S.K.: 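My structure is below; once you've seen it, I'll send some questions.
The analysis underlying the following values was restricted to heavy atoms, covering all of them including side chains, and did not include hydrogens, waters or symmetry mates. Everything numeric in this text was worked out from a predicted model, so none of it was measured.
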Amino acid sequence: MTAQTDTPGSVTTVYKVSGMSCGHCEGSVSGEISEIPGVSSVKAVAATGEVTVVSAAPLDEEAVRAAVDEAGFELAGKA
């Protein structure tokens with residue numbers, strides 16, 4: 001899935017993150033990504049390795065990669 005517009009003024013992007021295995025992992029990744037300016041919501045699912053991010057505008061993938069790295073995981077790219 002690539003970036004798509006859900007409502008005017010918001011963009012939903014799904015990323016693949018490797019290494020998440022539990023709820024704590026989901027919380028760590030969500031917490032770091034939610035600190036990126038413009039992000040309005042983050043939902044990480046360890047079972048699928050997918051992180052859904054809703055933001056005001058498309059995010060710089062390097063900013064997302066840095067946030068995921070800070071949480072101790074690896075961004076595999078967009079889902």
S.K.: Kindly give the heavy-atom pair with the smallest separation between V68 and L75, and that separation in Å.
M.R.: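 Heavy atoms of V68 and L75 come nearest at CG1-N, 3.6 Å.
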
S.K.: Give me the atom names and distance for the closest heavy-atom approach of V39 to I33.
M.R.: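 Taking every non-hydrogen atom into account, CG2-O, 3.6 Å.
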
S.K.: Evaluate the side chain to side chain contact (heavy atoms under 4.5 Å, CB included) criterion for residues K43 and E26: first the C-alpha distance (whole Å), next the side-chain angles of each, then the deciding distance (0.1 Å), finally the verdict.
M.R.: CA-CA 8 Å; K43 178 167 177 52; E26 295 169 349; over 6 Å; no

S.K.: Side-chain contact test, heavy atoms from C-beta onward, threshold under 4.5 Å: evaluate it for Y15 versus L59 and give yes or no.
M.R.: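 Side chain of Y15 against side chain of L59, heavy atoms only: contact under 4.5 Å found.
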
S.K.: Assess the residue pair T52 and T12 against the criterion (side chain to side chain contact (heavy atoms under 4.5 Å, CB included)); give the C-alpha distance rounded to whole Å, side-chain angles, the decisive distance to 0.1 Å, and a yes or no.
M.R.: CA-CA 7 Å; T52 304; T12 300; 3.5 Å; yes

S.K.: Tell me the closest heavy-atom pair linking I36 and A67, and the distance in Å.
M.R.: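 Scanning both residues completely, I find the closest heavy atoms to be CD1-CB, 4.1 Å.
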
S.K.: Just wondering, more than 12 heavy atoms not from K16 lying within 6.0 Å of its NZ?
M.R.: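 For K16, atom NZ is crowded (more than 12 foreign heavy atoms under 6.0 Å).
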
S.K.: Using atom types as modelled and distance alone, determine if a side-chain donor or acceptor of S40 lies under 3.5 Å from a backbone N or O of V54.
M.R.: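 Side chain of S40 to backbone of V54: a pair is present.
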
S.K.: Start with the C-alpha distance between T13 and K78, add both sets of side-chain angles, then the distance that settles side chain to side chain contact (heavy atoms under 4.5 Å, CB included), and finish with yes or no.
M.R.: CA-CA 7 Å; T13 309; K78 292 181 182 172; 4.0 Å; yes

S.K.: Could you pull out the closest heavy-atom pair between G77 and E61, with the gap in Å?
M.R.: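 So the two residues come closest at CA-OE2, 4.0 Å.
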
S.K.: From C22 SG over to M20 CE, what is the distance, rounded to the nearest 0.5 angstrom?
M.R.: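 C22 atom SG to M20 atom CE measures 9.5 Å (nearest 0.5 Å).
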
S.K.: Test F73 against C25 for side chain to side chain contact (heavy atoms under 4.5 Å, CB included), laying out the working first.
M.R.: CA-CA 9 Å; F73 301 94; C25 299; 3.6 Å; yes

S.K.: Taking all non-hydrogen atoms of both residues, which atom of E50 and which atom of A79 are closest, and how far apart?
M.R.: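 Distance-wise, the nearest heavy atoms are OE2-CB, 4.0 Å.
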
